[in-house]
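Only a predicted model underlies this, so the values are computations on that prediction, with no experimental measurement involved. Quick note: numbers below take in every heavy atom, side chains included, and nothing from hydrogens, waters or symmetry partners.
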Amino acid sequence: MILLQSHSRFLLDNLLNRLQNIEKAVEADYHWAEFDDVRYHIQVTMKNPHILLLSVSLPTPPQETVFLGGLPSGAIEAIKAAYGAVVQILDPPRDGFNLTLKLNLSKLPPDEEYKHALLVKIASVREVVLGAPLRGILKKLTSRTVASNTDGLVALVHRPNESFFLIPQAEKVTVIFPMRFKDSIDIVLATSFLQEFVEARRMAGLNTAPHCLWSPTPPLELKEAPAEALSANAGFVTFVIFPRHVEGKKLDRTVCSLSTFHAYVSYHVKCSEGFMHTRMRRRVESLIEALDRAKPGMENAKNASQSRSFKRLVCHQSCCFLSILSDEIGLVFAERLIFLMYLDCRA
């Protein structure tokens, strides 16, 4: 399975292209959106070709989350620690955006490898900002402590008006995702997909991976959460993170994996649905060809009528086939999902 990258590929390509053609002094003004309703805007003027303005709009936070000045707690400190003097935070940000950064390309380091790594980090601004409170809690886990200002239940935004929950403790951090999908077929596939997480976790090669649980009802840890935050139509997924999962470089991988978990599941659910539709279309085409070969003497009009009737029958049967097949493929995809998602977390 494909792991989602932490950085925005379009943003990184634009930064690299701007750096290579900085002497041409070409204006740039781009708007685009990515998963979880994160929107970007970059702007460069001919007057100051070395200055790039990057604006970011974050998902609308639900009531249970805490935003300070339009940003998650700890986001400002995380930006300063990640980018240093290369990036300046503009206050107030551009209209319609939560954050505007002023990037001075002339202050980038001369070393090419370090420069590219810094540009990748800038293109990962979504993870830096939205993952700031999660990173802060997991850092405390490495020292087996809990921040004094942290409540028993912490809600973090990851989708428009949707949040996931953390229960930080000295020895572990429990992460719970309410899984919601709009399409009825996505709900069926995702439910089957997620139910196999517990079984996949029992594989011998995943003994050191985070514990994973799925339940159709809210876990007891969410008894203090507001009722509107617990309306999940695909159940609840729980991960238990221990200190060994956030040691050293594993911290970045764990933060990225948890921050993009819902988008990751949605991506592969859509891939599974597309794959099954492709297989069904091929099967339908082969059956129609078989019918056409079996009735060589019928008139064209009658053949066309029979073909249309058969297509309607197959479309009706396809829905049943999709529901049955989703149960059969759930285990395979779920095993690969957990294995790849936490490969770097193995002891």
Side-chain angles (χ1 to χ4, degrees), residues 33-39 56-79 93 96-99 125-141 145-170 172-182 186-187 190-191 194 210 212-241 246 254-266:
E34 295 189 353
F35 59 89
D36 295 338
D37 197 34
V38 178
R39 296 185 294 110
V56 183
S57 175
L58 303 177
T60 304
Q63 295 181 353
E64 63 269 15
T65 58
V66 178
F67 265 41
L68 303 175
L71 296 172
S73 60
I76 299 297
E77 293 77 8
I79 293 171
F97 294 92
N98 300 81
L99 174 69
V125 62
R126 175 195 180 280
E127 179 192 341
V128 172
V129 175
L130 286 179
L134 174 61
R135 183 181 296 273
I137 292 175
L138 294 182
K139 275 187 176 181
K140 289 290 183 180
L141 181 61
T145 59
V146 179
S148 58
N149 59 346
T150 302
D151 296 330
L153 183 66
V154 180
L156 303 180
V157 63
H158 68 135
R159 288 167 54 82
N161 296 309
E162 295 183 16
S163 58
F164 67 100
F165 298 92
L166 277 70
I167 300 93
Q169 297 174 337
K172 65 180 181 180
V173 173
T174 304
V175 186
I176 304 176
F177 290 89
M179 304 301 293
R180 304 177 181 89
F181 296 88
K182 295 181 179 179
D186 289 354
I187 295 174
T191 301
L194 296 170
C212 179
L213 301 172
W214 179 90
S215 63
T217 57
L220 295 178
E221 292 88 345
L222 298 183
K223 60 183 179 180
E224 298 180 359
E228 57 272 14
L230 303 180
S231 58
N233 52 24
F236 297 80
V237 180
T238 302
F239 294 104
V240 182
I241 309 299
V246 293
T254 303
V255 171
C256 177
S257 298
L258 293 175
S259 299
T260 61
F261 176 71
H262 195 289
Y264 182 65
V265 174
S266 299

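Between L141 and Q169, the shortest heavy-atom contact is CD1-O, 4.0 Å. Closest heavy-atom contact between F181 and N233: O-ND2, 2.7 Å. Between L194 and V237 the shortest heavy-atom distance is CD2-CG2, 3.8 Å. Looking at every heavy atom in both residues, A234 comes nearest to W214 through O-NE1, 3.1 Å. Closest heavy-atom contact between V255 and S259: O-OG, 2.7 Å. The minimum heavy-atom distance linking A78 with A132 is given by the pair CB-CB, 3.9 Å.
For E34, the CD atom is densely surrounded, since the number of other residues' heavy atoms within 6.0 Å is greater than 12.
Taking CD1 of I241 as the start and CG of L258 as the end, the distance is 5.0 Å to the nearest 0.5 Å. Note that NZ of K140 and CD1 of I137 are 11.0 Å apart. Values are rounded to the nearest 0.5 Å. The CG atom of L68 sits 9.5 Å away from the CD1 atom of I76 when rounded to the nearest 0.5 Å.
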Go through it in stages, so that I can follow the logic: the residues are E221 and I176, the test is side chain to side chain contact (heavy atoms under 4.5 Å, CB included), and I'd like the CA-CA distance, side-chain angles, deciding distance and then a yes or no.
CA-CA 9 Å; E221 292 88 345; I176 304 176; 3.9 Å; yes
Going through the checks in order, is the side chain to side chain contact (heavy atoms under 4.5 Å, CB included) test met by T217 and F236?
CA-CA 7 Å; T217 57; F236 297 80; 5.6 Å; no
Given side chain to side chain contact (heavy atoms under 4.5 Å, CB included), test T238 with V175 step by step and report yes or no.
CA-CA 6 Å; T238 302; V175 186; over 6 Å; no
Side chain to side chain contact (heavy atoms under 4.5 Å, CB included) for F177 and F165? Distances and angles first, verdict last.
CA-CA 7 Å; F177 290 89; F165 298 92; over 6 Å; no
When you look at E127 and R135, which way does the salt bridge (Lys or Arg N to Asp or Glu O under 4.0 Å) test go after all the steps?
CA-CA 10 Å; E127 179 192 341; R135 183 181 296 273; 3.5 Å; yes
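Proximity of L213 to V240: side-chain heavy atoms (C-beta onward) are nowhere separated by under 4.5 Å. The side-chain heavy atoms of L166 and T174, taken from C-beta on, include no pair separated by under 4.5 Å. Taking the side chain as every heavy atom from C-beta outward, L230 and P218 approach each other to under 4.5 Å.
The main-chain N or O of C256 is found under 3.5 Å from a side-chain atom of T260 such that the two form a donor-acceptor pair. With N98 contributing its side chain and L58 its backbone, the two residues share a donor-acceptor pair below 3.5 Å.
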May I have the list of side-chain donor-acceptor pairs in residues 153-164 shorter than 3.5 Å, sequence neighbours left out?
residue	atom	partner	partner atom	Å
R159	NE	E162	OE1	3.0
S163	OG	E64	OE2	2.6

